Every structure is written in structure tokens, then in C-alpha cells.
Protein chains: 2
Amino acid sequence: MPDRQDAVPRTKEYATGRVTRRAIIAEAAEAFAEKGFHGASLRGIAREAGVDHATLMHHFGNKTALLLAVIEWHDAQDAATSLPAMDFTVEGVVDAFVGVAERNRATPGLVQLLSTLSAEAGREGHPARAALQQRHQVLVDVFAAIIRLRRDEGAVDDDGLSPEVHAALIVSTWEGLQVYDALHPGDVDVPELLARTLRRELGLDGPLSG
Amino acid sequence: MPDRQDAVPRTKEYATGRVTRRAIIAEAAEAFAEKGFHGASLRGIAREAGVDHATLMHHFGNKTALLLAVIEWHDAQDAATSLPAMDFTVEGVVDAFVGVAERNRATPGLVQLLSTLSAEAGREGHPARAALQQRHQVLVDVFAAIIRLRRDEGAVDDDGLSPEVHAALIVSTWEGLQVYDALHPGDVDVPELLARTLRRELGLDGPLSG
DNA sequence: GTCTATAGCGAGATAGAC
DNA sequence: GTCTATCTCGCTATAGAC
């Protein structure tokens, strides 16, 4: 695998840096998913993208920020099509998120990277902390709203937990399942267990049997 | 903070290397919990322990192995007192593990490190993968045995999941809660939510009330 | 044999020149 | 916006001390 110096043609748009950024992100997505976060090197990614190591650093600042850019780019492809199409009903929300879990099976490398990042960002001052907190918060807000709705409908009974805490418990289970699945391949079926959890917690398995 | 070269006296036991190992582990535990896995440097830990960087490498091989040694050392202090005292009843198991979760609150740095390690080890070939798999398996075995017991007793109904998968779901929830807690401090009460989850899944909240 | 030290490689990250 | 130079780091290989 010698020089791919000219994989990105030096067009006018190239001079703006956008092509450079996108080329780096594309190479980084491949490298991270293939070799893992620590296994991939910024020098190698930069070389494959046809730029210098310091140029990559100029655009992204640090390795974690580059990984975040990769994840955002990956999310944008998924969310742009799936989430807007989600109707805000209990069944719609469950189907949408189970669908995300199912599509995640196609990119286990990125899921594992995201799990690692979530755990790493648990430390104050981590460069990705705010982004990961917001990422969780989006899920918690959706689930908490559904839980409130279902309690008002009488479909689930109030267990004494605030809807937000109950939602956090669901999100934690989902994330924990992804970690467990990566560590014990084949032992658990993440989309199925997520679906079971959601149906039970959101009262879709019959009147107050959950 | 200049040289602490002579923090460990050159006694006869020192020559066996055990004192050196323990001194390194003690410094590593402090450094990892304080600065995180990547923030702490082996050179710094070695310097604080009064040995050379290469000496540390000789004893532990790599940074991850040192972290594992720290965690094993931490576990040994906890497990040696709590788990043998656990009676193998449903209440006993729940109390024992909720107790572990409560004691974990005292060392959030190490818990966060372990969460990160679990996520990282989700990649094949990771140096700590086998150790983390076994660590999970111990928990799954205990919970699966209890679930079997409770099903035989008729205290919980068979939900169609194997006891092992159901146990894996519980372990995943616990681990996920620890990650969530580190990322959103104060939003969730890990021991309380673990206790709720265990009581519900193991049928301690009344006859088949789920 | 057991333990410790030296030297070097490639990595992430920073600073400054162009 | 890009590159050169430099820092410290994890890690390996190898040799020396007890």
C-alpha cells in the first residue's frame, strides 16, 4: 500500500479545506472501525488522506475530536432518514429505536468505539464529555416524554421513579447491552432485548402486566 | 516533588520484587484514579514508586496489565470480606451486590476506569479481553443460578429468555448505570436502581407482580 | 535466574515558519 | 492552511547488575 497522495484531486474546493476534512473523516472512519481507536494512528490516517499529520491536527485538534467527527458523520447518514420518519407514538418510538439497534449490527466497530468513548467521557474534562452527555440527553428526553404519556394514559403504573430517571435506566440498559455484546459475541441479541425492555417499560405487553 | 528514590527501603523482601510490585500498584492506583488511564504515565508512576520505567515494564508488560493488577488488588480487598460472607439466598445475593455498588461510590475513578476497560475490551485481541469476559461471567453465573432457583420456586415466571441471557441483561444494566452515572453525576442512584432491578427481576417485590 | 537499566522506534500533541 | 521541528509518551529489544 504505497502513496495514495493523489486520491483527492487538488480542485478549487480542495483549497477551502472541506474536501480535506471529508477525506480525513472517510479515512478515519475506516481506520477506527478496522483497527480501533488506539490501533489507528493519526499519521496513518493523514497519509491515506494525502495530507500531513500536523495538517490533520490543525483541522481536528486531537484524536478524540476526530473520532467524534466520524461518529457525527455516521449519525447524520442514519438519523437524517430514520428519526424524522418516526411518528411520536409508543409503537413508533419503539420501532424506530429497535431499528437503530438493528442497523448498528452492520457497524460493530463504530458501536464499540462509541461505547468506549461514553465510558472514557465519564471523566471530568474529557474532550468528548459534553457531546456524549448531549447524545444521552436526547434519548432520555424522548423516553421520559413517552413514559409521562403512558402514565397519564394509565398504560404503566408509577413506580416512584421520575420519568427522567426511568428513562436513564432504559438508556443505561441499552448501552450496557452494547458493551456486553461486544465482549461476549453472540451471547445476547441486542435489538431483541432492547425491544423486550422497551415494550415492558412502556407498557406494550398488555394492560399493566409489566 | 523531587526524588522519592528511597520511599521503599531496600530490605530483604524488596529483593523478591514483591515490595516493588506493590509499591508500583499503589502508585498506579492513585495515578489512574486521579488522572485517568491515558492521563497517567508509566514513567511518572515508576518515578513515584522509586523505580525505573523499564523496571515497571518488566513487572507488568504493558499499561493495561498494570491497570488490571490495580483492579484485581482493589477487588481483593472488597471481595475477601464481602462475598464469602454472602449466603446464597435471593436476599443475600441482592444485599451483597447492592453493597458492592454502594462501596463503589467511594472510588468513582476506579469504577470509571473499569467501565472504560470493559468497553475497550470489546475489541478482539485486546490484552484485557479474557480477564473482563471472566469478570462478567462470574456475575452472570451467580444471577443465572438465582433466576433458575426462583423459577423453580415459582417466584418469577419464565419470560422465554434463558437464565443466562436474563442474567446478562441484569449485568448489562448495572454496567450501563455505572457509565451513565459517571457521565451525568447525580442524575441516577446506582445502588438504588440496581436494588430495584434485582428485586424486580428476582421476584422480591411480591408474588409475581413483576 | 531474577531483577534493573540503556537505547531506540513510532505515537499524540504543541509551537512556529512559510 | 500546510509543513518542520520538538516534546513526552507507550512499548520493545538488549545488555548489565545482583
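Remember, it's a predicted structure, so these values are computed and weren't measured experimentally. Only this structure's heavy atoms are used, side chains among them; waters, hydrogens and symmetry mates stay out. First the proteins, then the strands, lettered A, B, ... as listed; each starts at 1.
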Below 30° counts as parallel, above 60° as perpendicular, anything between as tilted: where do the rings of B:F143 and B:F97 land? tilted
Atom-pair distance (CZ on B:F32; C1' on D:dC9), nearest Å: 13 Å
What integer distance in Å separates B:N62:CG from C:dA11:P? 18 Å
Indicate, with a heavy-atom threshold strictly under 4.0 Å, whether A:A40 touches base, sugar-phosphate, or nothing. sugar-phosphate
With a 4.0 Å cutoff (strictly under), does any side-chain N or O of A:T64 reach OP1 or OP2 of C:dG12? no
N or O in side chain of A:T55 less than 4.0 angstrom from D:dC3 OP1/OP2: yes
Nearest whole Å is fine: how far is C:dA7 P from B:H58 NE2? 20 Å
Without decimals, in angstroms, what is the distance between A:F60 CZ and C:dG12 P? 14 Å
Donor-acceptor pair (no angle test) under 3.5 Å: A:R43 side chain, C:dG10 base: no
Side-chain contact, heavy-atom cut-off 4.5 Å: A:L117 with A:E120? yes
Check the distance between D:dC11's C1' and B:I45's CD1 and give it to me in whole angstrom. 15 Å
If you measure from the Lys or Arg side-chain nitrogens to the Asp or Glu carboxylate oxygens, is any gap between B:R200 and B:D205 under 4.0 Å? no
Heavy atom of residues 118-127 of chain A under 4.0 Å from DNA chain D: which residues? none
Could B:D158 and B:R150 be called an ion pair, given the rule that one side-chain N must be under 4.0 Å from one carboxylate O? no
Is the closest basic N to carboxylate O distance between A:R43 and A:D52 below 4.0 Å? no
B:M57 CE to D:dT14 C1', in whole Å, measures 14 Å
Flag the pair B:R196 and B:E201 as a salt bridge only when some basic side-chain nitrogen lies within less than 4.0 angstrom of an acidic carboxylate oxygen. no
Of A:D52 and B:K63, whose nearest nucleotide on DNA chain D comes first from the 5' end? A:D52
Nearest-Å distance for atom pair CG/C1', residues A:L42 and C:dT14: 14 Å
Residues B:T173 and B:T197: side-chain donor-acceptor under 3.5 angstrom: no
Heavy-atom nearest nucleotide on DNA chain C for A:A54 versus A:S41: which residue maps closer to 5'? A:S41
Any A:H53 side-chain nitrogen or oxygen under 4.0 Å from OP1 or OP2 of C:dG10: no
Atom CZ of B:R47 and atom P of D:dG10 are separated, to the nearest Å, by 11 Å
